[in-house]
Amino acid sequence: EVEVDPHTDIADIFKNDKEIEDNVKDANETIKKLAEYKWKLNDDKTLLEYLKLNDEFNKNNDKRFLYSDLWESLDIKDSKMSTLSQQFGTINSEYQKSTAFFGVEVKGFNDARFDSLIKNPDFKEYKEMFKSIQKEKSHILSQDQEDIIAQLSDAYIWFSTTYSKL
């Protein structure tokens, strides 16, 4: 999660258009890498790699949305920023689609695997997440259902963008 100083200068987030372009390119590459982990999270090393990569994506995603929100709060009619905001939304939607497998795959872990992960110091950052998934795994949808929900994020982005302009 990106920490925000109330005195943050928007230029401190992305210094120029090249930084934004590089961030967008990295995000799209990371989404592809995350998708490659589908049905491969059966060993601790691979699972930890996925989680760390996912954390990095989310940190940068927070940065993109912070930049977009701050910029739009300064000038809501800026068409360049509106386009960029939609691009950031599309990235987020692609991320949702590409990682919808995670909850479904992890809910398939048996209790011994969950207990092992919860006790493993390498996964201490994720301890509460694993506890939550273990407790709520009966409420996690099937892969087909998760995919449908991930697809709906596209519609939400356009609605949200339009609504925020009103």
Side-chain angles (χ1 to χ4, degrees), residues 1-4 13-14 19-70 83-164:
E1 194 168 302
V2 176
E3 293 193 25
V4 180
I13 300 170
F14 290 114
E19 276 192 22
I20 296 170
E21 290 170 17
D22 289 347
N23 184 283
V24 166
K25 181 181 175 190
D26 289 347
N28 287 317
E29 290 172 3
T30 301
I31 289 168
K32 289 176 186 169
K33 289 177 188 174
L34 287 167
E36 292 173 5
Y37 283 90
K38 186 174 185 176
W39 309 125
K40 296 178 183 173
L41 302 177
N42 52 350
D43 68 85
D44 288 359
K45 180 180 181 256
T46 305
L47 178 59
L48 191 58
E49 286 173 7
Y50 172 86
L51 291 169
K52 296 290 186 185
L53 185 60
N54 190 60
D55 286 348
E56 187 63 30
F57 175 87
N58 283 309
K59 180 180 173 186
N60 284 313
N61 204 40
D62 289 348
K63 183 178 174 179
R64 284 186 293 277
F65 279 101
L66 174 62
Y67 181 79
S68 174
D69 288 348
L70 286 174
T83 300
L84 195 57
S85 180
Q86 288 178 355
Q87 185 178 21
F88 291 167
T90 299
I91 289 169
N92 195 53
S93 177
E94 289 303 313
Y95 165 78
Q96 295 296 330
K97 291 180 214 173
S98 296
T99 60
F101 71 89
F102 178 78
V104 177
E105 187 168 347
V106 172
K107 88 171 185 177
F109 293 173
N110 62 34
D111 286 341
R113 176 91 193 273
F114 276 112
D115 292 342
S116 171
L117 291 168
I118 290 166
K119 292 176 185 172
N120 186 331
D122 291 338
F123 290 91
K124 68 182 176 188
E125 296 174 57
Y126 309 103
K127 178 179 178 177
E128 294 306 315
M129 177 191 68
F130 286 125
K131 284 182 178 180
S132 176
I133 293 172
Q134 183 179 26
K135 180 180 174 187
E136 303 295 327
K137 68 182 181 176
S138 65
H139 301 287
I140 296 174
L141 304 173
S142 70
Q143 185 64 56
D144 289 341
Q145 293 166 322
E146 290 289 347
D147 287 343
I148 289 169
I149 290 172
Q151 296 290 333
L152 292 173
S153 65
D154 284 336
Y156 172 76
I157 289 166
W158 304 122
F159 171 76
S160 176
T161 302
T162 303
Y163 182 77
S164 70

**Q** Using salt bridge (charged side-chain N to carboxylate O under 4.0 Å, His left out) as the criterion, list what pairs up with Glu19, not counting sequence neighbours.
**A**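 For Glu19 there are no salt bridge (charged side-chain N to carboxylate O under 4.0 Å, His left out) partners, ignoring immediate neighbours.
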
**Q** Can you name the residues that form a side-chain contact (heavy atoms from CB on, under 4.5 Å) with Asp69, not counting sequence neighbours?
**A**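 side-chain contact (heavy atoms from CB on, under 4.5 Å) check on Asp69 returns nothing, list empty.
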
**Q** Once rounded to the nearest 0.5 Å, what's the spacing between atom OG1 of Thr99 and atom CG of Leu53?
**A**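 The OG1 atom of Thr99 sits 10.5 Å away from the CG atom of Leu53.
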
**Q** With sequence neighbours excluded, tell me which residues meet salt bridge (charged side-chain N to carboxylate O under 4.0 Å, His left out) with Lys25.
**A**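 Salt bridge (charged side-chain N to carboxylate O under 4.0 Å, His left out) list for Lys25, sorted by chain: empty.
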
**Q** The criterion is salt bridge (charged side-chain N to carboxylate O under 4.0 Å, His left out); which residues satisfy it with Asp115, sequence neighbours excluded?
**A**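 Asp115: no salt bridge (charged side-chain N to carboxylate O under 4.0 Å, His left out) contacts found.
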
**Q** Distance-only, no hydrogens or angles: does the Glu94 side chain make a donor-acceptor pair with backbone N or O of Ile31 under 3.5 Å?
**A**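 No: the side chain of Glu94 does not pair with the backbone of Ile31.
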
**Q** Would you say the ring centers of Tyr67 and Phe88 fall short of 6.0 Å from each other?
**A**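 No; Phe88 has its ring centre 6.0 Å or more from that of Tyr67.
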
**Q** What distance separates Leu70 CG from Ile13 CD1, expressed to the nearest 0.5 Å?
**A**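 Atom-to-atom, Leu70:CG and Ile13:CD1 are 5.0 Å apart.
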
**Q** For Asn61, which residues count as a side-chain hydrogen bond (donor to acceptor under 3.5 Å, both in side chains) partner, sequence neighbours excluded?
**A**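 side-chain hydrogen bond (donor to acceptor under 3.5 Å, both in side chains) list for Asn61, sorted by chain: Arg64, Asn92.
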
**Q** Once side-chain hydrogen bond (donor to acceptor under 3.5 Å, both in side chains) is applied, do any residues pair with Asp22, and if so which ones, sequence neighbours excluded?
**A**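 In terms of side-chain hydrogen bond (donor to acceptor under 3.5 Å, both in side chains), with neighbours along the sequence ignored, Asp22 is linked to Lys18.
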
**Q** Which residue pairs pass the side chain to side chain donor-acceptor pair (under 3.5 Å) test when at least one of the two sits in residues 28-37, sequence neighbours left out?
**A**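 Residue pairs passing side chain to side chain donor-acceptor pair (under 3.5 Å), neighbours aside: Tyr37-Glu49.
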
**Q** Return a table of donor-acceptor pairs under 3.5 angstrom between the side chains of residues 124-134 and protein atoms on other chains or two or more places apart.
**A**
from: Glu125; atom 1: OE2; to: Lys52; atom 2: NZ; distance (Å): 2.6
from: Tyr126; atom 1: OH; to: Asp55; atom 2: OD2; distance (Å): 2.4
from: Gln134; atom 1: NE2; to: Asp111; atom 2: OD1; distance (Å): 3.1

**Q** Not counting sequence neighbours, which residues clear side-chain hydrogen bond (donor to acceptor under 3.5 Å, both in side chains) with Ser116? List them please.
**A**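 If we apply the side-chain hydrogen bond (donor to acceptor under 3.5 Å, both in side chains) test to Ser116, skipping adjacent residues, there are no hits.
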
**Q** Report yes if some heavy atom in the side chain of Phe102 is under 4.5 Å from a heavy atom in the side chain of Leu34; otherwise report no.
**A**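 When only atoms from C-beta onward are counted, Leu34 and Phe102 do not touch, as no gap falls below 4.5 Å.
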
**Q** side-chain hydrogen bond (donor to acceptor under 3.5 Å, both in side chains) with Asn110: which residues, sequence neighbours excluded?
**A**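 None.
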
